[in-house]
Structure formats: C-alpha cells, structure tokens
S.K.: 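A single structure is presented below for examination.
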Amino acid sequence: MRQEISLTVTDKAKAEFQRGMPLISKEALENADSLITEGAIVSLVDKQGKFLAKGYYGKQNKGYGWVLTRNKDEAIGQGFIERTLTAAIAERQNFFRNPNTTAFRVFNGEGDGFGGLAIDYYDGYYLLSWYSEGVYTFKDEVVEALQNVADFKGIYQKKRFDTKGQYIEEDDFVAGERGEFPLIVKENGVNFAVYLNDGAMTGIFLDQRDVRNAIKEKYAKGKTVLNTFSYTGAFSVAAALGGAEKTTSVDLAKRSSAKTIEQFSVNGIDYENQDILVMDVFNYFKYAKRKELKFDLVVLDPPSFARSKKYTFSTAKDYTSLMKEAIAITEKQGTIVASTNNASFGMKKFKGFIDKAFQEEGKKYRIVEEFTLPSDFRVRKEFKEGDYLKVLFVELV
Ligand code: SAH
C-alpha cells in the first residue's frame, strides 16, 4: 500500500496552491523534514488543517513532488493516470496525424497533470522518462494505462534520477516489441536517427523542433554555419538541408563525430563536404579568431553546466562571455542563434545577458525572432519555470 500523509504548507504557499501551483517545493512545507517514502501520496493542508491539494512525494532537483489534483476525493491510481494520459494524447492529435513529423512529446510532466513524468513518441515507440524515484513507483500503473489507451509497437524508459550506478546494467526496454536501432524518425520531413536503448540521450532534443525548422526554412540558404555544442549535429543537418554553403559542427564528446556523420548520412548529405570537429568550443573560438574565420550563422546551444579539462561553464554566469566569443566570429549582418534550456532564469534575464555582450563589444543588434517550448511541450501558466527553453535569433546590425 502506498503511504498517505498530510503535510502543512506555509501561508504564502497556500495562496500559490490555490492559484494552481503544481510544484511542491521544500519551502512550501512547514514540516518538510518528516520522514516520507518516495511515491507517498501527500495531502497538502493549511495551518487550520483545511485541504488544499493532493499530490505525490518525489524528490528531484526542482522540489519535493507534484500536485496531481485539487479534488480531495479523487483517487490517485490507474484510473486517474488513464484519464490524464487520454487527455494528453487527445491534445496531440495534430501531431499523430502529421506524416512529416513522427517524433514529439506526448506527455509533458506537470504541463499535462503529472509532474516528474515525460513521455515522448518516436514513430510507434513510446519513451517514458522518470525524473524521481517517487514517480517511478507509479511505473506499473503508467505502463498499464498506456497499454490501455494508446496504440504502439513498443515502450522504452529512461530513469533520469540517481539510481546509484545501477543504470548501466539495466535494460531500457519495457513492453511490446523491441525496436531496431537506429530508428529513423521524421521531423518536418527531415530524418533523424534515434536510439531508445543507448544511455541517457536519444540523439535528438525534440524541444528544438521549431528552431531547426526556422534555420532550415529561413536562415540557412547560402550561408556558412557554425554549430557549437553540436551533439549529433541536428542544427547542422537542418542548415545543410536548408541550403547552407557549409556547416561546421563542434563538440567535445568523441562520439559526437560518428553521431553527426550518421545524421547527415540518413538525410543523403555527403558529410565529407561538412566540417565535424571534436574539440572544446572555447578552444575553437581561439582558433577561429587566430585564423580570422567568420560565419554568417552561429548556433550557441550549450548545456546549462559544463566542465571540460580547461574550462567550467555555467549558462547562468557565463552566457555573456560566450556570446561575446560568438559575436567576434560572426560576419557583419550575420545571425547568432542564442539558446539555453536553463530553467533557473527567464527570458528577460536571458535578453539581459545578450544585451550586455553587445554593449561590452560596442556593437549593435536586433532580435529578429524568439522561441520558447513548442506546443507539444505543454506548460502551465501557473508554473513559468516549466517553460525552460529560450532561443533568440540575434542579428548583428
Ligand atoms: N545543440 C545540441 C545539444 C547540445 S547538448 C542539439 O541541438 O542537439 C550539449 C553538448 O555540449 C554535449 O554534446 C556536450 O558534449 C557538449 N559540450 C559540453 N561542453 C563542451 C565544450 N566545452 N566544448 C564543446 N562541446 C561541449
């Protein structure tokens, strides 16, 4: 049986929960230290003991758990999960019907009513991502529910919480039939090779779909493109298919080179006409400056935090200096695609980082386009941090 407990919330948090706040943060709780089992059902009550909301306990970097319902009598079980999943699938009917895009998010955590769980669709396969031990206790119910409400070939999973080193031995396959990898999915007609059974990442970040499409359709034609922190080169592929003169992809990870070759190849692009470099982006900036290389389009999509042999980088602290490096190697009237997925700051602050970089460089710019999460990554207006993606197309003037 699942543990069920009552937790008292602060007066400030009470007002937030009444407005629809889905996150149960540590600060919201009066008695956060009481011993709670992961996956326990928690009833949030005010200081007078009045019921506010019901959720589950699951520790992740964002907080202590998530609100699931504000109805005191609603049971959290198979039925609840089936209703939630059905609604999420219904929301994505336009995606399911689109033959040109076969990979997208079906269920986006708290945006779809169950924080800590994300479900992505990859051409007939569902990939479950569990963000805490607590949410993982719902695995049997979620898998059962998915089997009842969705058509699929197979189900895979990723545990995105600390499993204390047990990750590697485990198989990511859950149910149905096994896929053959790479699985080739489509995004706005572009092919991507994905792996659902090979470590934490699949080969493509689905939340950048609209940005890749904009690069392909509007920004790439005839341009020289530098893609930094390029991972599998997804932005480079979009640019090449959009008619870029040449793309240069730079990533530190050794495997990024083979992965990028693969993404070009599944799109019929000769990778030998593109540059794919395994190196530290910060060293590349130095090299490019020394060689006086300049690009028409520069993509900056760093991880929130990175440490290499020589440099430590955090988007919250160092985006301005990263942007300055990019400005230095961008052609006059060129464009920089500045992206971050750091949820700890919002668009306004991000624009501040960009502005500061141009001020310090004594240069002028214009923001020509702005992106946040695409529509399948559903977010709640009561929880702004959920809309973590910020992408600015910045033109030098
Ligand atoms: N832009 C990519 C996703 C980037 S993921 C896409 O759209 O698919 C972050 C990548 O940054 C990882 O592949 C990691 O290897 C790389 N990385 C981290 N620090 C780096 C550094 N200092 N230099 C180059 N690459 C780095």
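Counting starts at 1 for both ligands and their atoms, following the listed order. Every heavy atom of this structure was used, including side-chain atoms; hydrogens, water molecules and symmetry mates were not. Heads up: numbering here begins at 1 and tracks the sequence.
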S.K.: Take atom CD of E292 as the centre, draw a 6.0 Å sphere, and report whether it contains more than 12 heavy atoms from other residues, nucleotides or ligands.
M.R.: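 No - once you tally the heavy atoms of other residues, nucleotides and ligands closer than 6.0 Å, there are 12 at most.
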S.K.: Identify the closest protein heavy atom to atom 8 (O) of ligand 1: which residue and atom is it, and at what distance?
M.R.: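 Residue, atom and distance for the closest contact: Y231 CD2, 3.4 Å.
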S.K.: Tell me: protein heavy atom nearest atom 25 (N) of ligand 1, and distance?
M.R.: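 Result for atom 25 (N) of ligand 1: L252 N, 3.1 Å.
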S.K.: Suppose I only count heavy atoms of A306 and a 4.0 Å limit; which atoms of ligand 1 are within that range?
M.R.: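 So the atoms of ligand 1 that pass are 18 (C), 19 (N).
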S.K.: Which residue, W66, F17, Y388, forms the ring pair (Phe, Tyr, Trp, His ring centres under 6.0 Å) with F383?
M.R.: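 Of the listed residues W66, F17, Y388, the ring pair (Phe, Tyr, Trp, His ring centres under 6.0 Å) partner of F383 is W66.
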S.K.: I'd like to know if S256 contacts ligand 1, where contact means a heavy-atom distance under 4.0 Å to any ligand atom.
M.R.: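 No.
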S.K.: Can you confirm if the NZ or CZ of K159 lies within 45° of the ring axis of Y131 and under 6.0 Å from the centre of its six-membered ring?
M.R.: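 Geometry flag: not set, cation outside 6.0 Å or 45°.
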S.K.: If the plane angle is over 60° it's perpendicular, under 30° parallel, otherwise tilted; pick one for Y195 and F181.
M.R.: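 Ring orientation of Y195 relative to F181: tilted.
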S.K.: Hey, is ligand 1 close enough to D301 that some N/O pair sits below 3.5 Å?
M.R.: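 There is such a contact, yes.
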S.K.: Please indicate whether any nitrogen or oxygen in V281 is less than 3.5 Å from any nitrogen or oxygen in ligand 1.
M.R.: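 Yes, since at least one N or O of V281 sits under 3.5 Å from an N or O of ligand 1.
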S.K.: Check contact between M279 and ligand 1, using heavy atoms of the residue and a distance below 4.0 angstrom.
M.R.: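 Under 4.0 Å: yes for M279.
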S.K.: If you count the atoms of ligand 1 from 1 in the order shown, which ones are under 4.0 Å from a heavy atom of A253?
M.R.: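 Matching atoms, with element in brackets: 15 (O).
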S.K.: Would you say D280 and ligand 1 have an N/O pair spaced under 3.5 Å apart?
M.R.: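 N/O-N/O distance under 3.5 Å: yes.
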S.K.: Counting both backbone and side chain atoms, is some N or O of T232 under 3.5 Å from an N or O of ligand 1?
M.R.: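 Checking ligand 1 against T232, no N or O pair falls under 3.5 Å apart.
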S.K.: Considering only the protein, which heavy-atom contact is closest to atom 13 (O) of ligand 1, and what is its distance?
M.R.: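 Nearest protein contact, heavy atoms only, for atom 13 (O) of ligand 1 is D251 OD2, 2.7 Å.
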S.K.: Check whether any side-chain N or O of R105 sits under 3.5 Å from a backbone N or O of Y121 as a donor-acceptor pair, and report yes or no.
M.R.: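 Flag not set: sc R105 to bb Y121 has no pair under 3.5 Å.
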S.K.: Can you check which of F285, F205, F235 brings a heavy atom nearest to atom 7 (O) of ligand 1?
M.R.: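 Nearest option to atom 7 (O) of ligand 1, by heavy atoms: F235.
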S.K.: Using a 4.0 Å cutoff against the non-hydrogen atoms of P303, which atoms of ligand 1 qualify?
M.R.: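 Answer for ligand 1: 9 (C), 11 (O), 18 (C).
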S.K.: So for ligand 1, is V250 a polar contact partner (N or O within less than 3.5 Å, distance only)?
M.R.: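 V250 vs ligand 1: no N/O contact under 3.5 Å.
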S.K.: What do you reckon, does F229 have a nitrogen or oxygen under 3.5 Å from a nitrogen or oxygen of ligand 1?
M.R.: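 Yes - when backbone and side-chain N and O of F229 are compared with those of ligand 1, one distance drops under 3.5 Å.
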S.K.: Which pair of heavy atoms, one from Y319 and one from L300, lies closest together, and at what distance?
M.R.: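 Minimum heavy-atom contact is OH-O, 3.3 Å.
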S.K.: State, to 0.1 Å, how close K294 and T224 come at their nearest heavy-atom pair, and which atoms those are.
M.R.: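 Between these two residues, the closest heavy atoms are O-OG1, 4.0 Å.
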S.K.: F305 and S314: which non-hydrogen atoms are nearest, and at how many Å?
M.R.: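 Answer, listing the atom of F305 first, then S314: CD1-CB, 3.6 Å.
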S.K.: Quick check: closest heavy atoms across A244 and V225, and the distance to 0.1 Å?
M.R.: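 Heavy atoms only, the tightest pair is CB-CG2, 3.9 Å.
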